[in-house]
Amino acid sequence: MAKITIDGIETEVPDGTTILNAARQIGGAIVPPAMCYYTSLQQSGGKCRVCLVRVAQASARDPRPLPKLVASCSTPVQDGMIVENITSPDVLEARKGVVEFLLINHPLDCPICDQAGECDLQDLSYAHGLATTRYEEERRTFEPIDIGDKIKLHMTRCILCYRCTYVADQLTDERRHGVLNRGDRAEIGTYIQKAIDNDFSGNMIDVCPVGALTDRTFRFKSRVWFTRPLDAHRNCEKCCGKVVLWTKGEEVLRVTARKDKYGEVHEFICNECRFEHKNLSDWVVEGPRHIDRHSVISQNHYEKINLVALKKEIERQIQFQKGRTNGNNPNALTA
Amino acid sequence: MGTQSQHNTTFSPETLELVKRIIARYPEGKQKSALLPVLHLAQAEFGGWLSTETMDYVASLLDIKPIEVYEVATFYTMFNLKPVGKCVLEVCRTGPCALRGSDDIIEHLQKKLNIRDGETSADGMFTLMTVECLASCGTAPVMQVGDHYIENLSCESLDEILDRLRAQHEQKAS
Amino acid sequence: MRRQLLLKDINVPGIQSYDVYRRQGGYTAVEKALRGMSPEQVTEEVKLSGLRGRGGAGFPTGLKWTFIDRKSGKPVYLVCNADESEPGTFKDRYLLEHIPHLLIEGMILASYAIGANTAYIYMRGEFRWIFPILERAIAEAKAAGFLGSNILGSGFSLEIHVHPGGGAYICGEETALLESLEGKRGNPRLKPPYFPAVMGLYHCPTLVNNVETLATVPSIITMGGAEYARIGVGKSTGTKLISASGHINKPGVYEIELGLPVEEFIYSDEYCGGIWKGRQLKAVVAGGSSVPILPADLILKTAKGEPRLMTYESLAEGGFQTGTMLGSGGFIVMDETTCIVRNLWNFTRFYHHESCGQCSPCREGTGWMEKVLHRIEHGEGRPHDIDLLDDVAKKIEGKTICPLGDAAAWPVSSAIRHFREDFEYHIRYPEKVRNPKHFEIEPLVPRRHLATA
């Protein structure tokens, strides 16, 4: 076990835990954002740089700070490590920079994007971005393409998180798309127009943090905040069968896997569940889906960081921690 | 595409032998390591560029997926993904060459051959490409032509160099 | 004449061949090591020598060797980084082309020290004519019993293979190089967890060393580490190859003893021979295009007024405010007619072109900087562009997966720091700078600040 302090909050996590996951165990405002890391996809993380944090003390043995900000999603904790996330002006400034970089070539076409309202980039921009842009140059553009009859690729919106390529590598029998070209000419593609068609390809839509890969069966059907999400399941031979139905009245507009509060799917679903069962009667409905993170879905949660409120939050967490340790249950956080 | 019909996508027996020897340089099961060397061979043997068929063939030789080849071929600048002329002039445009006049060299070639960067002359002989640092800054300006560098270029020497290259290719052809 | 270790035999006719190289005393270091020294002793001599990585980072070589995890039970690899692509650097090519056996000898010694039985030379693909030279040299060394199994009866075996790159500067970064060697895109790996010494090639312990670094090892074993450490100044021991280019009378590769004054290197006839065309020195990029550019006064003397020396420490004196880095030893000299903005746009275009695109600050930031610089250089700059550029560079620096981000940011920050007047001139006189040779026609004379009464 390693003791670690993040923004003044102490916790204890198993050795090898990343800083990001340690922060997620604490929860609240001190959790760094993540655009490319994805718990259930091996090799993911390290690329987008929005989760950079400052390590003020590397470990109990080596109390020096690390010279550069580190990617919290891929840096394991050390015993005695002290991390600063939202308490470091350097981190906030760097994050603002990364958000700006992610947006300079982004089309900002949220008004016509199906991802709007549940888009990680949108959330991030509200939280850390600038209201105006300093970018006056021409933006990189690509034509949208259909990859198969179920998935639409808007490369202009892509932030090159690589998650969809890991889905193809790790969940499907043959990866047919990948990252082509390099630098800011890099794009997700198949090189030649090839359909991506296999039982689990639809998960690429769920892991996409932006509107680059969207569900063609849901295309322009509804703004996501006008839909009613329901937890539901069915017996499926290919996958867990546990989904969210996005409904309007009796109509099932789309089916997705269930995302946790960090937007991650832990149980992927098959294409049959996702695309072939659009009748409520196909499903056992469990009840309304609680969604507690996304921007528009959860409505106006993106006010500026309020330092007074933050201090209160941290104090609350510290009291909470004390309560736990007094209760002689040091593992409570990891349980 | 016209080139597809005349494209015979198998290496010569000698090249196949060489491919086998290259694969043997890497540990068992790591034959993907041979991808860059084999792509170089393929480009040399199949007309100076890599068509989709060529890349699929290389994928089959190395027992990897076609997308793995496309990803790599589009990353590295030495691989041409479009047909090129018989003689590719790759002129360095980076700092140290620029300090010694590579801009003038590039402009001279563009005028002389009536093409822009990335284009092929009307007679199909020369393709002009600007490239980044070739590690020949002490003999700048420099360009790569095939297996060799031509160093200490000047606008005056270029005309003679182009004539010589043209003659070499005509000789090879006949 | 100063001491030469790497280039002393470079002009001996036929030195490319095994026979001549051997006659000049080649491979005696291998004989000495394999017959009378343990691998640990070889490493110890390299540590004693104070040799620092010659690829650019200057990390102590012997120390790097000790990081190799020899207890993992996995094979250990040596990879020679011959992907020389840093603008202004062409020294490795000189060694590879003219004295290949020196590298092979160094690779045998390093492999013996770290316990590697397979070694690869990852050479940039553009050096097409050098591949047969290296392959012939390897075959000759093998025929002479210096490669293959049970070398000199020592029980130590080694095979060396040459591997071509495909045209990507980023593959000079060691983890990108390993990805590329595995047949993938040259995307740098995350550190942690992929430290090459533990999780390198095929996830096995791997040592990656630059050509010049490895080629220096035979001299160290022959003369002894302590003796080698006597050359140079302080922690900058030994000799270093400097690639000199730009506006000088005698561009080329020079072997210097570390500690040589910069002024002597630029103006002495033994080295660069002074600025060409009788012009004045304006600026120097001392260690390859990535390092901060310095104006003439700061490259010749430190801010404290001491003579600047060709050492890791002296060039860095003053930090980034007034100093720079020795880097790879790519010494690019610019005369008074040079447009710093044009040169910077050129370098930034290079980094934009070479960014792998994996992480956002470098992928997006390099392109942004290039576009802004292109505008300024072509007479379309705006007053706020200079501060914008400086800020974009700051937001890339230190935020990326690999050092390419820093390499792209440092030239921008330093050019603005030392040559702000060049930028302001471009914004003030857009019609003048539309002619690409603007400073050749009318050199920019820095404003003299007069003390007013």
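Labels below follow one simple rule: chain letters A, B, ... track the order of the sequence lines, proteins then strands, and each chain is numbered from 1. Keep in mind that what you see is a predicted model, and the values were worked out from it rather than measured.
The residue among C:F131, C:Y202, C:F127 with the most heavy atom pairs within less than 4.5 Å of chain B is C:Y202. In terms of non-hydrogen atom pairs under 4.5 Å with chain C, the most contact-rich of B:E71, B:E68, B:K32, B:M78 is B:M78. Ranked by heavy-atom pairs shorter than 4.5 Å toward chain B, the options C:G252, C:G125, C:S243 are led by C:G125. The candidate from C:E84, C:M334, C:H163 with the greatest count of non-hydrogen atom pairs under 4.5 Å with chain B is C:H163. Here B:P96 is the residue among B:A73, B:P96, B:A34 with the most heavy-atom pairs under 4.5 Å with chain C. Comparing B:L36, B:T139, B:I22 by how many heavy-atom pairs each has under 4.5 Å with chain C, the most go to B:L36. Put simply, of C:S85, C:P436, C:G165, the one with the most heavy-atom pairs under 4.5 Å next to chain B is C:G165. If you tally non-hydrogen atom pairs under 4.5 Å between each of C:G166, C:S245, C:G167, C:S289 and chain B, the highest count goes to C:G166. Among C:G88, C:P75, C:G186, C:C356, the residue with the largest count of heavy-atom pairs under 4.5 Å with chain B is C:G186.
Proximity to chain B (any heavy atom under 4.5 Å) is shown, for C:K91, by neither the backbone nor the side chain. Contact of C:R185 with chain B is made through backbone and side chain together, with heavy-atom distances under 4.5 Å. Residue contact with chain C, scored on non-hydrogen atoms closer than 4.5 Å, involves the side chain of B:Q144 exclusively. Neither the backbone nor the side chain of C:T337 comes within contact range of chain B, judged by heavy atoms closer than 4.5 Å. Only the side chain of C:F347 has a heavy atom closer than 4.5 Å to any heavy atom of chain B. Contact of C:R349 with chain B is made through backbone and side chain together, with heavy-atom distances under 4.5 Å. Neither the backbone nor the side chain of C:E159 comes within less than 4.5 Å of any heavy atom in chain B. Contacts between C:Y254 and chain B at a heavy-atom distance below 4.5 Å are absent for every atom of the residue. In this structure, the portion of C:I170 lying under 4.5 Å from any heavy atom of chain B is its side chain and not its backbone. Only the side chain of B:D104 comes within less than 4.5 Å of a heavy atom in chain C; its backbone stays farther off. When heavy atoms are compared at a cutoff of 4.5 Å, C:Y169 does not approach chain B at all. C:V253 does not touch chain B: none of its heavy atoms, backbone or side chain, sits under 4.5 Å away. Contacts between C:I332 and chain B at a heavy-atom distance below 4.5 Å involve the side chain alone, from C-beta outward. Heavy atoms closer than 4.5 Å to chain B are found in the side chain of C:W276, but not in its backbone.
For B:N114, the CG atom sits in a loose shell: 12 or fewer heavy atoms of surrounding residues, nucleotides or ligands are nearer than 6.0 Å. Other residues, nucleotides and ligands contribute only 12 or fewer heavy atoms inside 6.0 Å of the NZ atom of C:K142.
Remark: B:D103 engages C:R342 in a salt bridge, criterion side-chain N to carboxylate O under 4.0 Å.
Between the side chains of B:D117 and B:T130, at least one donor N or O lies within less than 3.5 Å of an accepting N or O. C:S180 and B:Y76 form a side-chain donor-acceptor contact under 3.5 Å, judged by distance and modelled atom types alone. In this model, no donor atom of one side chain and acceptor atom of the other lie less than 3.5 Å apart for C:N249 and C:Y271. Between the side chains of B:S136 and B:E151, at least one donor N or O lies within less than 3.5 Å of an accepting N or O. With 3.5 Å as the limit, one finds no donor-acceptor pair spanning the side chains of B:T10 and B:Y57. Side chain to side chain, B:E132 and B:T94 meet the donor-acceptor criterion of an N or O pair below 3.5 Å. Side-chain atoms of C:S290 and C:Y351 form a donor-acceptor pair, as typed in the model, at a separation below 3.5 Å. For the residue pair B:E45/B:T15, the side-chain donor-acceptor check at 3.5 Å is satisfied. C:S328 and C:R54 share no side-chain donor-acceptor pair at under 3.5 Å.
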Could you walk me through whether B:F79 and B:H40 satisfy the ring-ring contact (aromatic ring centres under 6.0 Å, His included) test, starting with their C-alpha distance in whole Å, then the side-chain angles of each, then the deciding distance to 0.1 Å, before giving a yes or no?
CA-CA 8 Å; B:F79 301 116; B:H40 281 298; 4.9 Å; yes
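In this pair, C:Y120 and B:Y26 present their aromatic rings parallel. The plane angle is below 30°, not in the 30 to 60° band.
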